There are 2 protein chains.
Amino acid sequence: MLTDERYAVILDRLKDHGIVKTQELMNLLHCSESTIRRDLDSLERSGKLKRIHGGAKRMYHLDEELSNQDKTTKNVQEKSNIGQLAASLVQPKDVIFIDAGTTTLALIEALKVGNITVVTNGIPQASLLAEKNIPTILIGGSMKMTTKAIIGETAVEQLKQYQFSKAFLGINGMDLEFGFTTPDPEEAAIKRLVIQKSASTYIVADETKWGKVNFVKVCNLEDVTIITNKTNDDYTAIKEKTTILEA
Amino acid sequence: MLTDERYAVILDRLKDHGIVKTQELMNLLHCSESTIRRDLDSLERSGKLKRIHGGAKRMYHLDEELSNQDKTTKNVQEKSNIGQLAASLVQPKDVIFIDAGTTTLALIEALKVGNITVVTNGIPQASLLAEKNIPTILIGGSMKMTTKAIIGETAVEQLKQYQFSKAFLGINGMDLEFGFTTPDPEEAAIKRLVIQKSASTYIVADETKWGKVNFVKVCNLEDVTIITNKTNDDYTAIKEKTTILEA
DNA sequence: TCAAAAACAATCATAAACAATCATTTAACT
DNA sequence: AGTTAAATGATTGTTTATGATTGTTTTTGA
């Protein structure tokens, strides 16, 4: 069992359970307490988890961080559906904003129409847009390392220069009571500004985001149109407040 | 069993499992530990995998960036050498600019020191920096689709805000008579501004750039320090005008 | 509050993996 | 065929990872 294999197992387990115990890892990985302890120490140093007495717990951004690797295979079908619906809204001559995050990548994949300009704050988004030969403007500023999103004051200042005909935003949580929320205040600031600068705004989010509440509020449900995949009866109350497009 | 056959087996196995062990490969390929180790070394140099203690693992990042442009392993080796020399110049507390282009990616790969800030105008650069957890500021503006470089007026305006202790630039051509040249006026404008804003500037370029002349002049040979790999007798005249670091 | 138990950090010896080198074999080219 | 270059496997000493041991700190519950 190689060091990196153990790391992978530990992080995977952490992703599911939110917490791991030293003893449990010893049995699972068939190695000594010292080794586990050293592993947790390394992983903590590289910011992947937080050590606690008896084991370790998940850190905030681990949620997003791990998903970058396996999310590509996880909700792929659903995201693809959402992306296609979102892409169908884009028309020639549109100037659209595309948010950072994994969900909006599916939108870019599905983009078909020509003669559009895209503005984005996501590095992977920019990369994909370049490969699809879509004229793109990237927002400058500080890069958030876990999500490869551009944030900060410089980004806000640059965004103020633009107006968009449509904006497509990702989100971490949406809830009837608390509206749209994300863990990062700086990302929330970007999203709020974009909503303000765009003629119409669409939140693209798969069903797992329903009912989740994060640290910072972005806006109310009724301020935007939601593009999601599965809306069951639970959302009748929500549907009265806002517009939902089902993919 | 030919060398390239082993490479294929190793990479194939890596694609499925994400990780390979030296011992396991020895049995699978019926060859000595030394050979496996050499194979892994070569494959790491050409950017196909990442060696770890006991074997190797997949590289998530510049897999697409470098390998699909099919650099020969020789060229990769040279760029790696140049990158390592360039990286050795970086010191803690530096604020450095890293230019877009493939050569500077090797520099980022080789970056070891902590407590630095990087400013870049390259999308692949930003992506790699994020994976290495290096604090990064990305220049915003229009994206040039062929090279994934950020250019244009917005980029220039943002750059004016910054000062750098060191800057590392790529280049398309360098010539005794015509100096440093690139095909794109907008890229040249960025490079010129960076040179002006940086305490010291290094051009990183492999030997193939010597004697080439492109459309737009960036600066004279004597304005910067050149980091390149092979300097033979032809360059005696050049060496009188400028500083050359040989990797 | 105090004592026992568990978890902890630090250290050490051992074993595995490592880089570097060399002689030998294999392939490639004239 | 004969020469040269490249690849291989064995050997060397070095580095790294590991598990056991030590004594200390934290948690627990009586």
Side-chain angles (χ1 to χ4, degrees), chain A residues 1-14 17-59, chain B residues 1-14 17-59 71-78 80-81 83-85 87-88 106 109-110 112-114 132 229-230 232 247:
Chain A
M1 177 73 77
L2 260 43
T3 310
D4 277 58
E5 291 183 274
R6 288 199 311 275
Y7 289 178
V9 170
I10 293 172
L11 291 175
D12 187 61
R13 209 178 158 73
L14 209 55
H17 297 72
I19 197 164
V20 287
K21 294 169 191 163
T22 309
Q23 294 298 331
E24 148 193 311
L25 290 175
M26 283 171 60
N27 297 328
L28 193 65
L29 300 168
H30 308 291
C31 59
S32 73
E33 191 183 319
S34 301
T35 300
I36 297 296
R37 185 157 287 116
R38 269 185 287 252
D39 286 350
L40 297 181
D41 196 54
S42 295
L43 289 169
E44 181 174 44
R45 262 192 251 280
S46 56
K48 303 286 174 56
L49 52 77
K50 172 74 184 162
R51 287 189 71 183
I52 55 178
H53 195 89
K57 68 175 178 180
R58 184 160 55 190
M59 291 198 67
Chain B
M1 175 74 74
L2 254 45
T3 310
D4 283 320
E5 292 183 80
R6 287 199 311 277
Y7 287 0
V9 171
I10 294 171
L11 291 175
D12 188 60
R13 209 178 158 73
L14 209 54
H17 297 75
I19 199 165
V20 288
K21 295 170 196 170
T22 310
Q23 293 299 331
E24 150 193 308
L25 292 175
M26 283 170 61
N27 297 329
L28 193 66
L29 300 168
H30 308 292
C31 58
S32 72
E33 190 183 317
S34 299
T35 300
I36 297 296
R37 185 157 287 115
R38 269 185 288 253
D39 287 350
L40 297 181
D41 195 56
S42 295
L43 289 169
E44 181 175 46
R45 274 188 227 279
S46 55
K48 302 285 172 51
L49 52 77
K50 171 77 182 161
R51 288 189 70 184
I52 56 178
H53 195 90
K57 65 176 178 180
R58 275 185 63 171
M59 286 229 296
K71 308 288 165 188
T72 64
T73 44
K74 187 181 159 202
N75 220 331
V76 169
Q77 177 62 62
E78 281 152 7
S80 171
N81 289 339
Q84 271 165 26
L85 175 55
S88 71
E109 286 276 11
K112 288 283 189 302
V113 297
K132 295 201 69 168
N229 53 322
K230 196 168 59 182
N232 59 37

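All values reported here derive from a predicted model rather than from experimental measurement. Just so it is clear: chains get the letters A, B, ... in the order the sequence lines come, proteins before strands, and each one is counted from 1. Both backbone and side-chain heavy atoms feed into the values below; hydrogens, waters and symmetry mates do not.
In this model, a side-chain donor or acceptor of B/S34 finds a partner on the base of D/dA10 within 3.5 Å. With hydrogens and angles ignored, a donor-acceptor pair under 3.5 angstrom links the side chain of A/R38 to the base of D/dG19.
Rounded to an integer number of Å, the gap from CG of A/L2 to P of C/dA16 is 14 Å. Put simply, CG on A/L25 is 16 Å from C1' on C/dA6, counting in whole angstrom units. Rounded to an integer number of Å, the gap from B/D4 CG to D/dA7 P is 9 Å. Across the protein-nucleic acid pair, B/E5 atom CD and D/dT8 atom P stand 11 Å apart, rounded to whole Å. Rounded to a whole Å, the CG atom of B/D39 is 10 Å from the C1' atom of D/dT8. Across the protein-nucleic acid pair, A/E33 atom CD and C/dA6 atom P stand 11 Å apart, rounded to whole Å. For the pair B/K21 NZ and C/dA17 C1', the interatomic distance rounds to 14 Å; values are reported in whole Å. Taking atom CE of A/M26 as the reference point, atom C1' of C/dA6 lies 12 Å away to the nearest angstrom.
In B/K57, the NZ atom is not crowded: 12 or fewer heavy atoms of neighbouring residues, nucleotides or ligands sit closer than 6.0 Å.
Residue B/Q23 is in sugar-phosphate contact alone, with no base atom involved, counting any heavy-atom pair closer than 4.0 Å across all strands shown. Heavy atoms of B/L40 sit nowhere under 4.0 angstrom from any nucleic acid atom.
Summarising the geometry of A/R6 relative to A/C31, their closest heavy-atom pair is CD-SG, 3.9 Å, with the distance given to 0.1 Å. Of all non-hydrogen atoms in A/A56 and A/L40, the two that sit nearest each other are CB-CD2, 4.0 Å. Across all their heavy atoms, B/V20 and A/L2 have their closest contact at O-CD2, 4.1 Å.
Here B/T3 reaches the OP1 or OP2 of D/dT8: one of its side-chain N or O atoms lies under 4.0 Å away. Taking 4.0 angstrom as the limit, A/T22 places a side-chain polar atom (N or O) nearer than this to OP1 or OP2 of C/dC8. Between D/dA10 and B/S32, no contact under 4.0 Å exists linking OP1 or OP2 to a side-chain N or O.
Heavy-atom nearest nucleotides on DNA chain C were determined for A/G54 and for B/D41, and the one closer to the 5' end corresponds to A/G54. Comparing B/H30 and A/I36 by the nucleotide of DNA chain D that holds the closest heavy atom to each, the one mapping nearer the 5' end is B/H30.
With contacts defined as side-chain heavy-atom distances shorter than 4.5 Å, the pair A/L28/A/R13 qualifies. In this structure the side chain of B/I19 never reaches within 4.5 angstrom of the side chain of B/K21, judged on heavy atoms. Under the 4.5 Å side-chain criterion, counting only non-hydrogen atoms from C-beta, B/K50 is not in contact with B/R58.
For A/R45 and A/D41, the salt-bridge test passes: some basic side-chain N is under 4.0 Å from an acidic carboxylate O.
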**OP:** Spell out protein contact along nucleotides 22-30 of chain D as letters: B when the base is contacted, S when just the sugar-phosphate is, - when no protein heavy atom is under 4.0 Å; keep the 5' to 3' order.
**Re:** ----SS---
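In this structure, the nucleotide among C/dC8, D/dG19, C/dA17 sitting nearest to the side chain of B/R37 is C/dA17.
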